[in-house]
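The structure under discussion appears below in the form of structure tokens.
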Amino acid sequence: MRHSTKRWGLATVAFLVAGCSTASSHQASAPPPDPRPLRDGVHFTYEEAVALHRAEESAVRRCMARLRFTYREVPALVNRRASQANPYGLLDPERARTDGYGMTAEHFRGRSSPPDPNTATLQAMTKDGRSNWDEALLGNRRHHTEVTLLDGRNFSYDKNSCVQKAQREVYGAEWSVLFQSFQGFANRVMQETMDSALAEEARRQWAHCMREAGHRYKDAQDPRRAVQALLDRADGDPARLRITGRKELLIARKDSDCERKVRLHEAVLNAQATVEKRVLAGHEVAYRRLVELRRQALARLSR
């Protein structure tokens with residue numbers, strides 16, 4: 001039973017791709033912009049994130065070995081679709097036509113995480129041994145350094161933990177505090193961008209476009225909620241899930257078409273540029289340093 005379900009799932013994913021071959025054959029136009037807050041400082045592609053994770057895990061393993069602990073590197077759990085997805089929920093036209101929102105395909109892919117390769121090692125240890133292993137890896141709260149980040153939040157860490165030593169080796173000594181700070185700023189940029197009059201007006205026009213196509217959505221996440229409701233109602237039934245896959249493609253294509261029609265990507269990009277200048281005011285030097293640390297970390301991967 002498990003075997004046949006897996007085969008059916010792969011067939012559905014294939015259907016989602018093959019189902020749009022006609023739409024994909026239309027003359028390609030230039031893709032819309034892909035706005036991401038503080039892109040040069042805090043954003044990584046899927047390939048970059050996986051490579052950097054591997055570099056960190058290798059550094060952690062060497063650090064733990066120096067302390068006479070066995071550590072097996074944990075595989076990257078980065079989801080390709082999630083890393084490619086726009087943080088504002090904006091759609092890539094080609095992916096929308098071939099994959100929809102990726103929700104039905106992800107349903108068949110499953111969300112189970114691979115087992116931790118260190119489980120067996122830890123189970124073979126005494127209670128004190130596990131405690132010492134954890135402390136070497138993550139640090140001891142009594143030894144934490146507490147700092148106030150540039151965005152006003154508090155952050156604490158043990159600089160002698162293998163996780164922190166690995167980050168310093170891969171990214172540089174200033175990385176942890178700078179990245180945490182500007183991740184907070186990026187969240188602020190995204191929220192203020194979405195609250196801007198420019199983005200609000202573009203979303204209003206998008207909703208009007210979707211209504212004209214028969215979809216009464218008010219919020220940009222409403223189409224995804226509608227697809228999720230269909231997945232929930234399908235309750236694992238293959239025929240109903242196949243219908244859901246078709247509906248997802250139709251909704252996502254119209255969603256993307258409306259985004260293009262009202263130039264939603266461009267509106268968000270322009271609003272974001274204004275917000276970023278305001279949020280980064282007074283922190284430009286620190287942000288340039290973060291960007292340089294990111295560049296250097298990626299450059300070291302190719303050596």
Side-chain angles (χ1 to χ4, degrees), residues 1-26 32 34 36 46 77-115 187 190-191 194-195 199-200 202-262 264-265 268:
M1 186 67 168
R2 197 161 147 194
H3 217 43
S4 62
T5 302
K6 184 176 181 182
R7 286 201 304 271
W8 193 89
L10 292 173
T12 299
V13 175
F15 158 75
L16 287 173
V17 176
C20 337
S21 56
T22 302
S24 304
S25 64
H26 293 171
D34 180 37
R36 294 172 184 269
Y46 170 80
L77 300 179
V78 184
N79 181 291
R80 184 182 289 274
R81 278 191 180 89
S83 64
Q84 291 175 336
N86 180 272
Y88 295 102
L90 300 171
L91 292 168
D92 173 272
E94 186 57 28
R95 282 201 292 272
R97 276 158 175 47
T98 59
D99 195 35
Y101 302 106
M103 295 173 66
T104 304
E106 281 295 304
H107 178 85
F108 286 104
R109 178 177 178 271
R111 298 182 180 276
S112 59
S113 299
N187 293 337
M190 189 163 67
Q191 186 60 56
M194 295 305 293
D195 291 342
E200 286 277 7
R203 283 203 304 276
R204 187 191 65 76
Q205 294 178 22
W206 168 86
H208 177 72
C209 177
M210 293 295 280
R211 277 197 304 275
E212 288 185 329
H215 301 291
R216 305 192 72 80
Y217 300 138
K218 296 181 180 179
D219 183 271
Q221 292 302 315
D222 281 350
R224 291 172 174 84
R225 295 187 188 106
V227 173
Q228 186 59 56
L230 291 171
L231 287 170
D232 292 342
R233 286 200 292 273
D235 195 28
D237 179 74
R240 295 174 71 182
L241 285 169
R242 190 173 178 84
I243 293 170
T244 297
R246 291 195 188 101
K247 289 182 177 179
E248 178 183 346
L249 282 176
L250 292 173
I251 294 171
R253 290 173 187 175
K254 177 49 64 176
D255 187 349
S256 177
D257 289 344
C258 284
E259 287 182 356
R260 298 297 297 274
K261 181 178 180 180
V262 306
L264 183 57
H265 294 71
V268 171

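All figures in this text were calculated on a predicted structure; none of them were measured in a lab. Throughout, residue positions are numbered sequentially from 1 according to the sequence presented. Worth knowing before you read on, the calculation uses all heavy atoms, side chains too, and leaves out hydrogens, waters and symmetry mates.
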Kindly write out the residues that satisfy side chain to side chain contact (heavy atoms under 4.5 Å, CB included) with [X], not counting sequence neighbours, or none if the list is empty.
X	answer
Ala213	His215, Lys254
Glu200	Arg203
Ala202	Leu264, Ala267
Asp34	Arg36, Arg39, Asn86

_Residue pairs, two or more places apart or on separate chains, that pass disulfide (SG to SG under 2.5 Å) and touch residues 213-242_ = none
[X] [atom1] to [Y] [atom2] distance, which is reported to the nearest 0.5 Å:
X	Y	atom1	atom2	value
Trp206	Lys218	CH2	NZ	12.0 Å
Tyr88	Met194	OH	CE	8.0 Å
His107	Leu230	NE2	CG	12.0 Å
Arg253	Thr98	CZ	OG1	9.0 Å
Arg242	Asp237	CZ	CG	12.5 Å
Thr104	Ile243	OG1	CD1	11.5 Å

*asked:* Test your reading of the model: is there a side-chain donor-acceptor pair from Glu248 to the backbone of Tyr101, 3.5 Å cut-off?
replied: yes
*Is a side-chain N or O of Arg81 found less than 3.5 angstrom from the main chain of Asp99, in a donor-acceptor match?*
no
Partners meeting side chain to side chain donor-acceptor pair (under 3.5 Å) with [X] (sequence neighbours left out):
X	value
Asp232	Gln228
Tyr217	none
Asp222	Arg225
Arg240	none

Work out which heavy atom in [X] is nearest to a heavy atom in [Y]; give both atom names and the distance.
X	Y	answer
Leu249	Ala96	CD2-O, 4.0 Å
Asp255	Met210	CA-SD, 3.7 Å
Pro93	Arg260	CG-NH1, 3.3 Å
Leu91	Glu259	N-OE1, 3.0 Å

Considering residues at least two apart in sequence or located in another chain, which fulfil the salt bridge (Lys or Arg N to Asp or Glu O under 4.0 Å) criterion with [X]?
X	result
Asp92	none
Arg95	none
Arg80	Glu47

*asked:* Is the shortest side-chain heavy-atom distance between Lys247 and Val227 below 4.5 Å?
replied: no
